[in-house]
2 protein chains.
Amino acid sequence: MLMTQYAKMILELINQSGGHLTAEQLFLELKKKAPKVVQATVYNNLNTLCQEGLIRKMSIEGSPDRYDKIQKHDHLVCYRCGSISDRTFDDLTSALEKQLGKKIISYDLKVCYLCPKCREKDKGGII
Amino acid sequence: MLMTQYAKMILELINQSGGHLTAEQLFLELKKKAPKVVQATVYNNLNTLCQEGLIRKMSIEGSPDRYDKIQKHDHLVCYRCGSISDRTFDDLTSALEKQLGKKIISYDLKVCYLCPKCREKDKGGII
DNA sequence: TTTATAATTAGAATAATTCTAAAAAGGAAG
DNA sequence: CTTCCTTTTTAGAATTATTCTAATTATAAA
């Protein structure tokens, strides 16, 4: 079956959310709608959805793998609070291929910065 | 103590290796020289070295965190065999800052491609 | 319906990492 | 060189993340 009930719900959760969700977060969300679901089902479906190319897996050091929308975009990661947000920078594919001299499949760009919230907190601080 | 015996050895292992080593790999390497060391020591020291800014942590989805040299470089990841290698592409810092309109701390670029070995294997294959 | 296949479950198993408390090491001060 | 204090290391339990296994349930096809 290409799209089972849970696969469909998980895909929707990912696409309707801000993305970057861990399996655990997805499990908790999914349980609200389907209280009987178990973690293994979530992991199974996430793996299948990845293989089918309907979602993508990503990871940030020190935290479990996350699952994200497939549409190409880059990530901003706050070095203070760890929050992740989407931001699409100019496409690098051809520049990278030119430099490498080979075809590339894709690339993954994470930009480390201080998010607006944390920046705000810093203002007026002693340090 | 800024540089304890194990911290020093771990730092050397990382800097003298090709990088991208997992805590487990480092533990096994370190045991060759210091058979009595335990995993917790490796994790402790890795965390300390990261905080001190002497090494950096990185991660590839689906595998444990890895530890790498601090010198700025990008990564090539083979989508077939998962091998990781270093490759420095043109620096993106100012281009990214210009687009974002904010200072950035750093960025992390992973390029997904087919490594030479895997490419070789593919030649002559039926598919 | 039977039957075959695939999805889901429960729970054990495995990995990755952190935590806790005790033991060992290092260094500073007397 | 001892005593004392601090930091590092150890052992092992605890936690978290993920996969695996086998039984059960659902789905769809014949």
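A side-chain donor from one of A:D86 and A:H20 sits under 3.5 Å from a side-chain acceptor of the other.
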Subject >> Under 4.0 Å protein heavy-atom contact, by nucleotide of nucleotides 20-25 of chain C - B base, S sugar-phosphate only >> reply: ------

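A:Y107 carries A:K72 over the face of its six-membered ring, with the cationic atom under 6.0 Å from the centre and within 45° of the normal.
Within the 4.0 Å cut-off from OP1 or OP2 of D:dT10, at least one side-chain nitrogen or oxygen of B:T41 is found.
Of the candidates B:D65, B:L11, B:L21, B:I14, B:I14 is the only one forming a side-chain contact (heavy atoms from CB on, under 4.5 Å) with B:L46. Just one residue in the list B:L92, B:D90, B:V111 forms a side-chain contact (heavy atoms from CB on, under 4.5 Å) with A:L92, and that residue is B:L92.
Under the side-chain contact (heavy atoms from CB on, under 4.5 Å) criterion, B:C112 pairs with A:I105, A:S106, B:Y79, not counting sequence neighbours. In this view, A:E29 and A:L13, A:K32 satisfy the side-chain contact (heavy atoms from CB on, under 4.5 Å) rule, not counting sequence neighbours. The side-chain hydrogen bond (donor to acceptor under 3.5 Å, both in side chains) check on B:S63 picks up B:R66, with sequence neighbours excluded.
DNA chain C lies under 4.0 Å from at least one heavy atom of each of the following residues of residues 10-39 of chain B: B:Q39. Within a heavy-atom distance below 4.0 Å of DNA chain D, the residues of residues 45-69 of chain A found are A:N47, A:P64, A:D65.
Straight-line distance from the OH atom of A:Y43 to the C1' atom of C:dT14: 13 Å, rounded to whole Å.
Put simply, the side chain of B:E97 gets close to the backbone of B:I104: a donor and an acceptor are under 3.5 Å apart.
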